[in-house]
Number of protein chains: 2
Amino acid sequence: MTDDTDHAQSARFAPTARSLPIALLRARETVMGPIRVMLQQSGISEQQWRVLRVLDELGEIEQSAIATGACLQLPSLTRMLRTMEADGLIARRTDEADRRRTLVRITDKGRALILAHLPDSAAIFSRLEERFGARNLKQLLDLLDELRRIDL
Amino acid sequence: MTDDTDHAQSARFAPTARSLPIALLRARETVMGPIRVMLQQSGISEQQWRVLRVLDELGEIEQSAIATGACLQLPSLTRMLRTMEADGLIARRTDEADRRRTLVRITDKGRALILAHLPDSAAIFSRLEERFGARNLKQLLDLLDELRRIDL
DNA sequence: CCCTAATGGTTGCTATGTTAAGTATTATCG
DNA sequence: CGATAATACTTAACATAGCAACCATTAGGG
């Protein structure tokens, strides 16, 4: 007998709760719950929200930089920016110094959308801080940031 | 002037590196890199991989339980299981006690597939442990597990 | 300079994400 | 017992994910 459970688990993968990719995903599901509720109010997707946040943070940048910052693939971004531009949330222009590049920036309308969610966002954050603990939260963010920089 | 940068960031969102959802996503991208390479060898998707891992861990379970464990939506799962069943990786049967439920289990072929990746998987894990630190890794997993249980 | 390679995006295709509506089965309550 | 609600999926429709192929532009080496 190689196993003491009733379903014959294969020899020796770590339990999924100790699998980093799965653990990251599950934790994220918890955190995203209230944020999804918030975003539904304005009919914007989670991905579009990330794009706006990154643009707000970094200013006018090229698409590759958005892709990196918002964890999106360039093909997805190409399609999303098309609709976001049509919705007036962002603006695009060709970089004249290097005509391969497209520079993207957030518009006032896009900025207004973000700002409209600031109170809700702050409320979610403080509830998280309260229930998870400020110390835990800081520690987690530090670890995640360190992990992100690792070269595998 | 409300800001000291050159691109007029909106008043007061935390930098995206300190946004938990984004930080979780970025960290996950780092970790998934080598795993994606591994999975490409067998032509299986990341999601199918999670399903197999969960089934291997939990035995024969209903689809809702897979959805929860693998962080998938039921509609996605419905479609995925159809192809996975056709590929012989999983098997389904109706629960006779409650005919609404479908019970799913991993097949020998499915089990063989994940076992085939055990060495690679272990190598990735140990490289991660080496570069990120065993202590950091444990601490991170503990924090993530605690976060997952929080009710927001 | 010119040819070739590299870079930045786009397009096409298939799979999955996400919401809403639909179906079959079971549970609940009057 | 019967109407209704709840549960466990399934289907449909559209957006995004992920890979590969392609295009335009720029960089580099002979």
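Labels below follow one simple rule: chain letters A, B, ... track the order of the sequence lines, proteins then strands, and each chain is numbered from 1. Because the structure is a prediction, the values reported are computed rather than measured.
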Note to self: Within the supplied structure, the quantity of interest is the number of heavy atoms (other residues, nucleotides, ligands) at a distance under 6.0 Å from Arg131(B) CZ; does it exceed 12?
What the structure shows: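 Check passes, neighbour count above 12.
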Margin query: If you assign Glu62(B) and Cys71(A) each to the DNA chain D nucleotide with the nearest heavy atom, which residue ends up on the more 5' nucleotide?
Written below: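 Final value for this comparison: Glu62(B).
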How would you label the contact of [X] with the nucleic acid (heavy atoms, under 4.0 Å): base, sugar-phosphate, or nothing?
X	result
Ser45(A)	sugar-phosphate
Gln73(B)	base
Ser64(B)	sugar-phosphate

Would you mind checking if [Y] and [X] are paired as a salt bridge, meaning a charged N to carboxylate O distance below 4.0 Å?
X	Y	result
Lys138(A)	Glu129(A)	no
Glu85(A)	Arg82(A)	no
Glu57(A)	Arg53(A)	no

Please state how far atom [atom1] in [X] lies from atom [atom2] in [N], giving the value in whole angstrom units.
X	N	atom1	atom2	result
Gln47(B)	dG17(C)	CD	C1'	9 Å
Glu85(B)	dT10(D)	CD	P	10 Å
Glu29(A)	dT16(C)	CD	C1'	14 Å
Gln48(A)	dT18(C)	CD	C1'	13 Å
Glu46(B)	dT16(D)	CD	P	19 Å
Leu81(B)	dT11(D)	CG	P	12 Å
Arg79(A)	dC14(D)	CZ	C1'	13 Å
Leu77(A)	dG18(D)	CG	P	13 Å

Check: Starting at the 5' end of DNA chain C, which residue's closest nucleotide do you reach first, Met80(B) or Ala65(A)?
Finding: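 It is Ala65(A), whose closest nucleotide lies nearer the 5' terminus.
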Next item on the list: For DNA chain D, determine which residues of residues 86-105 of chain B have any heavy atom closer than 4.0 angstrom to one of its atoms, and list them numerically.
Entry: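 Result for residues 86-105 of chain B: Arg92(B), Arg100(B), Arg101(B), Thr102(B), sorted by number.
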Next item on the list: Output the distance between atom CG (Leu58(A)) and atom CD1 (Ile106(A)), rounded to the nearest 0.5 Å.
Entry: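 Reported value, rounded in 0.5 Å steps: 11.0 Å.
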Check: Are Met32(A) and Ile124(A) co-members of a hydrophobic cluster defined by side-chain heavy atoms under 4.5 Å apart?
Finding: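 In one cluster: yes.
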Next item on the list: Treat each ILVMFWY residue as a node, draw an edge where side-chain heavy atoms are under 4.5 Å apart, and state whether Leu25(B) and Leu55(A) are in one component.
Entry: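 Looking at the clustering, Leu55(A) is in a separate group from Leu25(B).
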Item checked: Donor/acceptor link under 3.5 angstrom from Arg36(A) side chain onto base of dG17(C) ->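 Answer is no: no donor-acceptor pair is held.
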Note to self: Check this one for me: any side-chain N or O of Ser76(A) less than 4.0 Å away from OP1 or OP2 of dT16(D)?
What the structure shows: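 No, Ser76(A) has no side-chain N/O under 4.0 Å of OP1/OP2 on dT16(D).
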Check: Is Arg82(B) near enough to dT11(D) that one of its side-chain N or O atoms lies under 4.0 angstrom from OP1 or OP2?
Finding: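 Indeed, a polar side-chain atom of Arg82(B) lies that close.
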Check: Of all the choices, dT16(D), dG9(C), dC19(D), which nucleotide is nearest to the side chain of Gln40(B) once you look at every atom?
Finding: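 Minimum distance to the Gln40(B) side chain belongs to dC19(D).
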